[in-house]
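All heavy atoms count here, side chains included; hydrogens, waters and symmetry mates do not.
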Amino acid sequence: MSSHLPPGQTTLARLRFASCTGKSKLVVVLGPTASGKSGLGITLAQRFVGEIVSADSRQIYRGLDIGTAKVTPEERALIPHHLLDVAEPGEVYTVAQFQQDAIAAINDILARGHQPFLVGGSPHYIQAVVDNLDIPHIEPQPELRAQLEKRPLPELLAQLEELDPQSASTIDRNNPRRVIRALEVCLISGKPFSQQRKMAEPLYQSLLLGMQWPREVLYQKIDARLDERMQQGMVQEVQTLLDEGVSHERLEALGLEYRYISRFLKGEFKGEDEMVQRLKYAIHDFTRRQLTWFRKDERIIWTEGGDWERAEEVVREFLHE
């Protein structure tokens, strides 16, 4: 990946900090699914008297624990975590809401003299905070949404690719709700969704620290983690959500694990083994799109996933420079 630091090169000669000096410092730990962000974030927060603000678009929901690989109560006891379990799974928690809540949490951490760490793999959430995006406030259009919901997803994607190729290349293409929202903004405003998120003056001086693994190693980690979560009771977690009134339609919008297990429980797969294998391939595809998005940001400093000492060195130089 671009931006990897060769051994022996002075870190500060290569650091690409988001924003300018004179602002409070924010450390962002990012990377693809199963790269080890949560563990590294906890370790760094322990080293530098920090607290963690989660930047995961699904871990904000209560009851989505195993499927999102949410940090455990034991891990949370090690370091304060913010923006976990703040919304019900039936609610729609927007990027704009996250931006507001994350900035409030970061400022609170700073006010108490601690170091904030923004940790996660949701690119839109991270960018909303780091670049202080001015997110368009276009109200939902019920009539337009009803019309769009009647059309097949491939047709909606084709229209989005025509109106906004950038959003179409990075959006969750299996999530009708997100595709419809992007189209809604395009059609109402007359401008591409991706071009409307303008950057305001950054609030923080940010270090973007990315974790990278060889592709095949990352896929192995993804597969092993999925097998582990299945053993932990991920299917039962989804059944519990259904029993509590979360609809299959809503589960479709809550990410790959919930989407595939929802379909499994509806009998759309021959068996659990087929569902798990297809889910692994889908997560691999999602990971490729995550990496495509992250690679566009040349500010990210990539470190080898297992080299936490190197990551700590980069953070120390950033905080003390």
- Item | Worked verdict on Glu257 versus Thr68 for side-chain contact (heavy atoms from CB on, under 4.5 Å) | CA-CA 8 Å; Glu257 292 87 348; Thr68 65; over 6 Å; no

- Query: Where do Ile222 and Leu226 land on the side-chain contact (heavy atoms from CB on, under 4.5 Å) test, with the steps shown first?
  - Reply: CA-CA 6 Å; Ile222 288 170; Leu226 179 59; 5.5 Å; no

Could you tell me if the side chain of [Y] sits less than 4.5 Å from the side chain of [X], heavy atoms only?
X	Y	result
Ile60	Ser54	no
Arg225	Thr33	yes
Trp293	His124	yes
Phe98	Val129	yes
Leu64	Pro89	yes
Leu251	Leu242	yes

[X] to [Y] - nearest heavy-atom pair and separation:
X	Y	answer
Tyr258	Asp65	OH-N, 3.7 Å
Gly63	Leu241	O-CD2, 4.1 Å
Lys25	His320	NZ-N, 4.4 Å
Arg288	Arg215	CG-NH1, 3.4 Å
Leu256	Arg58	N-NH1, 4.1 Å
Val86	Tyr93	CG2-CE1, 4.1 Å

Is [Y] paired with [X] through a side-chain N to carboxylate O contact shorter than 4.0 Å?
X	Y	answer
Glu274	Lys270	no
Glu149	Arg145	no
Arg299	Asp131	yes
Arg263	Glu252	yes
Glu313	Arg310	yes
Lys70	Asp85	yes

- Item | Flag for Gln239-Asp243: side-chain donor and acceptor within less than 3.5 Å |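 Yes.
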
Please check if the side chain of [X] supplies one atom and the backbone of [Y] the other of a donor-acceptor pair under 3.5 Å.
X	Y	result
Glu184	Leu144	no
Asp56	Gly120	no
Gln290	Gly121	yes
Glu91	Glu88	yes
Trp213	Ser35	yes
His81	Ile79	yes
Arg289	Ser169	no

- Message: Checking Met275 against Glu268 for the side-chain contact (heavy atoms from CB on, under 4.5 Å) test, could you report, in this order, the C-alpha distance in whole Å, the side-chain angles of both residues, the deciding distance, and whether it holds?
- Response: CA-CA 9 Å; Met275 182 273 292; Glu268 296 184 15; over 6 Å; no

Enter the distance from [X]:[atom1] to [Y]:[atom2] here, rounded to the nearest 0.5 Å.
X	Y	atom1	atom2	answer
Arg178	Ser57	CZ	OG	4.5 Å
Tyr204	Ile103	OH	CD1	5.0 Å
Leu133	Gln99	CG	CD	6.5 Å
Leu153	Leu148	CG	CG	11.5 Å
Gln59	Ser122	CD	OG	8.5 Å
Leu30	Ile126	CG	CD1	4.5 Å

Please determine whether residues [X] and [Y] belong to a single hydrophobic cluster, defined as Ile, Leu, Val, Met, Phe, Trp and Tyr linked transitively by side-chain heavy-atom distances below 4.5 Å.
X	Y	value
Val217	Trp302	yes
Val92	Tyr125	no
Val49	Leu26	no
Tyr281	Phe286	no
Leu209	Leu319	yes

- Item | Arg250 charged N/C atom sitting above Tyr61 aromatic ring, 6.0 Å / 45° |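 That pair qualifies as a cation-pi contact.
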
Determine whether more than 12 heavy atoms belonging to other residues, nucleotides or ligands lie under 6.0 Å from atom [atom1] of [X].
X	atom1	answer
Glu309	CD	no
Glu161	CD	yes
Gln277	CD	yes

- Parallel, tilted or perpendicular: rings of Tyr219 and His284 (30°, 60°):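 Because their plane-to-plane angle is under 30°, the rings of His284 and Tyr219 count as parallel.
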
- Angle class for the Tyr260/Phe269 ring planes (parallel below 30°, perpendicular above 60°, tilted otherwise)?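 Geometry flag for Phe269 against Tyr260: parallel rings.
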
- Which residue pairs satisfy the side-chain hydrogen bond (donor to acceptor under 3.5 Å, both in side chains) criterion with at least one member in residues 41-51, sequence neighbours excluded?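 Listed once each, the pairs are Arg47-Glu312, Glu51-His82, Glu51-Arg112, Glu51-His114.
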
- Val235 pairs by side chain to side chain contact (heavy atoms under 4.5 Å, CB included) with which of Val276, Ile261, Ile66?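 Of Val276, Ile261, Ile66, side chain to side chain contact (heavy atoms under 4.5 Å, CB included) with Val235 is met by Ile261 alone.
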
- Could you walk me through whether Gln159 and Leu187 pass the side-chain contact (heavy atoms from CB on, under 4.5 Å) test, one step at a time? CA-CA 10 Å; Gln159 185 176 9; Leu187 293 169; 3.9 Å; yes

